[in-house]
Every structure is written in structure tokens, then in C-alpha cells.
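Working notes, structure below.
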Amino acid sequence: DVKVTQSSRYLVKRTGEKVFLECVQDMDHENMFWYRQDPGLGLRLIYFSYDVKMKEKGDIPEGYSVSREKKERFSLILESASTNQTSMYLCASSLGEPQHFGDGTRLSIL
Amino acid sequence: SQQGEEDPQALSIQEGENATMNCSYKTSINNLQWYRQNSGRGLVHLILIRSNEREKHSGRLRVTLDTSKKSSSLLITASRAADTASYFCATDAESGGSNYKLTFGKGTLLTVNP
């Protein structure tokens, strides 16, 4: 079974902090994705990566950046956290179809 | 941009009944997928139907796709309390080079009462 592991289930940070969310997959998948999930808005794609050091903006990239230095790891970075970035963050990986998801990180920015 | 939209937003049924959820989308697709999310967890893939297929079955799941109406339905038969979850449809873009990027709907919250 594919395993996608997100480093934290719950995280509390302060406004202005630089926040790192880590995601690791164990199936040598080329594609990795970061989504945020908010009530009433569903899942929205922040960034995705289709290869090491390659990245593309999703629908809501503002305020975020990503890093993919190794194939198995995809990091989401909040450069200067703001309260409107309080959300559930979901990482996924795929070789094609379907996508395999981690359990999410519930991030609160105070 | 929101591609898929599920209907209804919430559905409450009794154990043993069938549950039907619908999804509408806007642009042409290669395939449509359904995912399930238990509370506080990640999404789990249920079933994929390609644009040239009309119906697909997997266990108690039945998915239909009508590309002329740009809609899909997910039927769960003989529901169980353990089926309580949110269900999302997801579509890809028909254009090439999408790198399997998906667009998800807002989901249907299904509650199955024992």
C-alpha cells in the first residue's frame, strides 16, 4: 500500500512565523500535491510538483512556496504565516491516477 | 476554479438504504474519480470512470457518467454506519500535459444512522 506521511497532525504557529509542512511518500511517485481544505470551499490546489526541483502553481499559490529536493519529499512553506492560512492541509502523491493522500495537518495560526 | 460540484451537500439515511450522490462539472474531461474522506482524515480513492465509459461497479459502489450532461452519480447500496463520510468527485482536464492535476468538488456529507 502507498503510504503518504505528513509530519504533523496538528500544528499551532504565530502570525509572521515561517512555517514548514513536510510530506513524504514511499512509492517513488513522480507527482506530489499540496491542497488546503476549508469548510464550504472543498479542496483547493496550492502547488504541485511533477519531478524533483520542478513545481507548478495551483489555484491558490499566494503566500506559499514549495520545495522538492528529493523525489520522496515535498515541503510546503508559509513564508510569513497569517491568520487566513489557518486550515487543513493535505498532501497527495501519484504516479498517474489515482492520488494517494496523507492524513492531513490541521494548522492554526494565532 | 471549481470544476466538480456535488449534490446534495448533506444526506442522512438509515442503515440498509441506498445513497445517491451527484456531481456536475463544467469542461470536458478524461476521467472522473470519486473519493471518500472520514472525519479528520485524508481522502481515499474509491473508483475512477473514464470519459468513454458510462457505468462502473466496485463492490457496493456504482458510478455512472453522462458526458453529454457533464454529470456523474455515485450510488452506495445497502449502506452501513461505516459508510458515514464525506464523498468528493474529482475531474482532470482533458488537455494534455496536466500532470494528473485534479479539481475537486466541495463534497457530500453522508450520514448513515444505525
(message) Is it the case that atom CD in B:Glu17 sees more than 12 heavy atoms from other parts of the structure closer than 6.0 Å?
(response) yes
(message) Counting only heavy atoms not in B:Arg60 (residues, nucleotides, ligands), do more than 12 fall under 6.0 Å from its CZ?
(response) yes
(request) With a 4.5 angstrom heavy-atom cut-off, could you sort out which part of B:Asn38 is near chain A: side chain, backbone, both or neither? (result) neither
Treat each ILVMFWY residue as a node, draw an edge where side-chain heavy atoms are under 4.5 Å apart, and state whether [X] and [Y] are in one component.
X: B:Leu65; Y: B:Leu48; value: no
X: B:Leu43; Y: A:Val24; value: no
X: B:Trp34; Y: B:Leu110; value: yes
X: A:Val66; Y: A:Leu107; value: yes
X: A:Tyr50; Y: A:Leu45; value: yes

(message) Quick check for you: to the nearest 0.5 Å, what is the distance between B:Lys101 atom NZ and A:Phe33 atom CZ?
(response) 10.0 Å
(message) Would you compute the distance between atom CZ of A:Phe48 and atom CG of B:Leu102 and round it to the nearest 0.5 angstrom?
(response) 10.5 Å
(message) Ignoring hydrogens, what is the shortest heavy-atom contact between A:Gly40 and B:Lys106? Give both atom names and the distance.
(response) O-CD, 3.3 Å
(request) Please name the pair of heavy atoms, one in B:Phe104 and one in A:Leu43, separated by the smallest distance, quoted to 0.1 Å. (result) CB-CB, 4.0 Å
(message) With chain B as the partner, which of A:His100, A:Gln37, A:Glu30, A:Gln6 has the greatest number of non-hydrogen pairs under 4.5 Å?
(response) A:Gln37
(request) State whether the side chain of A:Arg9 and the backbone N or O of B:Gly40 hold a donor-acceptor pair below 3.5 Å, judged by distance alone. (result) yes
(message) Any non-hydrogen side-chain atom of A:Leu90 less than 4.5 Å from a side-chain atom of B:Gln37?
(response) yes
(request) Identify which part of A:Leu95 has an atom lying under 4.5 Å from any heavy atom of chain B, answering side chain, backbone, both or neither. (result) backbone
(request) Decide whether A:Gln99 and B:Gln33 meet the rule of one side-chain donor and one side-chain acceptor closer than 3.5 Å. (result) no
